[in-house]
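Atoms within a ligand are numbered from 1 in the order they appear, just like the ligands themselves.
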Amino acid sequence: MISVSNIEKRFGSLDVLKSINADFETGRSYALMGPNGSGKTTLIKSILGMVVPDSGKIEVDGESIKGQWTYREKIGYMPQIGRYPDNMTIGQLFEMIKDLRSNANTVDEELIEGFGLDKMMNKRMHTLSGGTRQKVSAALAFLFDPKVFILDEPTAGLDPLAVEVIKEKILKQMGPDKTFIITSHILSDLDDLSSHALYLDNGSLIYNDSIALLKEETGEVRLGKAIATIMKRKQKSVTA
Ligand code: ADP
Ligand code: MG
């Protein structure tokens, strides 16, 4: 369980996260949505300890993450933009990461094969297309069968076939002891992957509940439409 309480983050004069409260419960999958620049990546990086919030508290399994790092071993993280040593080959990168985590119990290489990366092991990172880099990032996030998956725009830049591969893998790994937080700025992307929706708009969380409830409440079948309905209601209540 990941618990975020009253998180605030400013970059200079920019209010990027405004008093965010959210619980991510074990066994559930959360779609973290919102337009570009709404604060999704900043919220995710706060949970990972890569961004330090100005105030508020984040707990993982009941313990504050402040000054901690070992909790990160529970998390498989796919960054929005993966940065890797240019001259390393794909094969060397995977070997290095496995060496670093030699205490890991499981190695799950299904995505390496699913994406066909096993046939590209000698390619150097700087020669890869954006989509192939994304595949490497995804395969790394799943490599040690973590309890928590944090995937930042996992489908962005992937070809349609690869999108199906990663979606199937996500569904396969879901289970009562796993937590997924998946971001996207494309609402239709996460419809079949998540039970819960969080919608960030300009640093504020304007929806945080089950997707079934959201659809029922708005009478919309599609997630994108349901969110749009909520947004319209909000705007009306502001101008009224
Ligand atoms: P999202 O992932 O929803 O697209 P981000 O969390 O990446 O949004 O960014 C939210 C806002 O914070 C944007 O306006 C972005 O430009 C700004 N921002 C993000 N990181 C930094 C940083 N390190 N320094 C200054 N501004 C930043
Ligand atoms: Mg982002």
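Checking only distances, Gly39 does come within under 3.5 Å of ligand 1, N or O to N or O. Considering backbone and side-chain atoms together, Asn36 places no N or O closer than 3.5 Å to any N or O of ligand 1. The shortest N/O to N/O separation between Thr41 and ligand 1 falls below 3.5 Å.
Here the side chain of Arg72 pairs a donor or acceptor atom with the backbone of Leu48 at under 3.5 angstrom. In this structure, the side chain of Lys9 engages the main chain of Val52 through a donor-acceptor pair within 3.5 Å. A distance-only check finds a donor-acceptor pair linking the side chain of Asp159 to the backbone of Leu161 [under 3.5 Å].
Less than 4.0 angstrom separates some heavy atom of Thr42 from each of these atoms of ligand 1: 5 (P), 6 (O), 9 (O). Contact atoms of ligand 1 toward Pro35: 3 (O) (distance under 4.0 Å to a heavy atom of the residue).
Within the 4.0 Å heavy-atom criterion, the part of Val16 lying near ligand 1 is the side chain and not the backbone. Within the 4.0 Å heavy-atom criterion, the part of Leu14 lying near ligand 1 is the side chain and not the backbone.
Not a single heavy atom of Gly12 lies less than 4.0 angstrom from ligand 1.
Ring geometry for Phe24 versus Tyr30: interplanar angle over 60°, hence perpendicular rather than tilted (30 to 60°).
Phe142 and Phe149 have their aromatic ring centers within a separation under 6.0 angstrom.
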*So Asp152 and Thr183, side-chain hydrogen bond (donor to acceptor under 3.5 Å, both in side chains) or not? Walk me through it.*
CA-CA 5 Å; Asp152 199 355; Thr183 80; 2.6 Å; yes
